[in-house]
**Student:** 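Shown below is the structure under consideration.
Just so you know, ligand 1 is whichever comes first in the structure, and atom 1 is the first atom listed for that ligand.
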Amino acid sequence: MEKLYHLIKAEQLTPSIVTELLTEAESFNQSLKAGVRHFENLKGVTLCSLFYEESTRTRFSFERAAFLLGATVISTENAAQFSSAAKGESLEHTIKVISGVAQSHLRYADIIILRHPENGAADRAARVSGVPIINAGSGSDEHPTQALLDAYTFEKLLGRLDHFTISFVGDLKFSRVVNSEAFLLSQYPGVKMVFIAPEGLEIRPELKSYLSQKGIEFEEASDIKEVVRESDICYVVRVQKNRIKDKAFLLAYQRNRDNFAVTEEVYKMSEQKGTFFCHPMPVDGEEQEIRQEVENLPRVKMLEQAGYGVPVRMAILAKVWQSQKI
Ligand code: NCD
């Protein structure tokens with residue numbers, strides 16, 4: 001069995017690791033469905049959830065997963081404000097202390113779940129850490145655990161991870177989810193990707209050249225209505241107002257809001273194809289990229305997707321802990 005010590009980027013999630021983790025996640029899911037609430041995979045383990053950026057689903061589902069597996073969790077409400085980062089401490093120093101690099105038996109935690117606003121932060125943390133680091137979102141570059149739970153969702157919906165068409169819609173430049181997702185899916189045969197973004201918020205050139213080099217079929221378009229009929233999955237993301245510096249790009253998005261939203265019209269257009277609509281959440285209440293009138297319809301899957309965070313993160317934690325004992 002392959003080891004998974006740190007989980008930093010989606011490229012680490014090779015098809016064999018994905019299969020192993022998704023099989024394990026499915027087994028956790030079935031046990032939870034049957035009412036089991038106590039597992040022993042992480043008995044005696046302390047997990048630190050270190051979030052320098054806001055989070056609802058990622059943090060809570062990781063913490064829930066940890067408790068279910070028998071771990072204890074130490075945490076701070078907002079690491080940017082309440083940890084020593086507010087006093088100017090570097091990420092490296094914080095990680096060295098929590099992971100007990102000086103005296104491992106006196107470490108504060110055995111696994112660190114890190115969310116940070118800077119690209120590459122999880123990588124920096126992993127370089128100095130004495131314990132496994134799991135990237136729960138770094139800047140606009142990576143969110144590998146979300147990519148994995150999305151893969152679990154697609155497999156549930158389609159029964160496979162190969163030979164399907166996925167359209168990514170919205171602010172694709174700043175979405176770390178789309179970036180990780182594209183890396184993960186690029187390893188599967190026959191996955192066609194379509195990217196629909198407003199001017200200035202298109203997928204990054206590095207991702208495009210990576211996909212071209214790998215010979216992955218992809219297209220770009222400017223309106224969800226052009227592609228929804230051919231898409232098995234339509235993956236919609238919000239416009240990342242917290243990261244966009246040039247407001248002209250935000251205005252370009254807002255001027256053409258309907259081109260990047262699941263409206264009643266879009267939902268109806270995709271009836272025959274049976275397109276599923278996914279979204280990592282949060283949905284922006286102002287932009288409503290998933291319109292309220294469709295959000296409860298059967299092919300909109302974002303709430304199921306969010307729930308899958310629990311078994312998938314249980315599988316990740318169990319695997320990471322097992323790998324570090326080998
Ligand atoms: C995403 C994130 O934080 O990158 N949310 C999540 O983890 N479910 C998506 C987002 O913020 O738009």
**Student:** With sequence neighbours excluded, what pairs up with Arg204 under the salt bridge (Lys or Arg N to Asp or Glu O under 4.0 Å) test?
**Tutor:**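 With sequence neighbours excluded, Arg204 shows a salt bridge (Lys or Arg N to Asp or Glu O under 4.0 Å) to no residue whatsoever.
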**Student:** Using the side chain to side chain donor-acceptor pair (under 3.5 Å) rule, collect all pairs that involve residues 33-47, keeping only residues at least two apart or in two chains.
**Tutor:**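 Sorted result for residues 33-47: Thr46-Thr72.
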**Student:** Would you tabulate the polar-atom pairs, meaning N/O of ligand 1 against N/O of the protein, with distances under 3.5 Å, reported to 0.1 Å?
**Tutor:**
from	atom 1	to	atom 2	distance (Å)
ligand 1	3 (O)	Arg115	NH1	3.3
ligand 1	3 (O)	Arg115	NH2	3.3
ligand 1	3 (O)	Arg176	NH2	2.9
ligand 1	4 (O)	Arg176	NE	2.7
ligand 1	4 (O)	Arg176	NH2	3.4
ligand 1	5 (N)	Met281	O	3.1
ligand 1	7 (O)	Thr58	OG1	3.0
ligand 1	7 (O)	Arg115	NH2	3.2
ligand 1	7 (O)	His143	NE2	2.8
ligand 1	8 (N)	Gln146	OE1	3.3
ligand 1	8 (N)	Pro280	O	3.0
ligand 1	8 (N)	Met281	O	3.2
ligand 1	11 (O)	Arg238	NE	3.4
ligand 1	11 (O)	Arg238	NH2	2.9
ligand 1	12 (O)	Arg238	NE	2.7
ligand 1	12 (O)	Gln240	NE2	3.0

**Student:** Report the relative orientation of the aromatic rings in Tyr308 and Tyr152; use parallel for angles under 30°, tilted for 30 to 60°, perpendicular for over 60°.
**Tutor:**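 Correct class here is perpendicular.
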**Student:** For a ring pair (Phe, Tyr, Trp, His ring centres under 6.0 Å) check, start with the C-alpha distance between Tyr210 and Phe183, then their side-chain angles and the critical distance, and finish with the verdict.
**Tutor:** CA-CA 9 Å; Tyr210 170 84; Phe183 275 112; 4.5 Å; yes
**Student:** I'd like to know if the side chain of Tyr235 pairs up with that of Asp150 as donor and acceptor (distance under 3.5 Å, no hydrogens or angles considered).
**Tutor:**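 The answer is yes; a qualifying pair exists.
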**Student:** Sequence neighbours left out, what passes salt bridge (Lys or Arg N to Asp or Glu O under 4.0 Å) with Glu286? Give chain and number order.
**Tutor:**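 Only Lys241 meet the salt bridge (Lys or Arg N to Asp or Glu O under 4.0 Å) criterion with Glu286.
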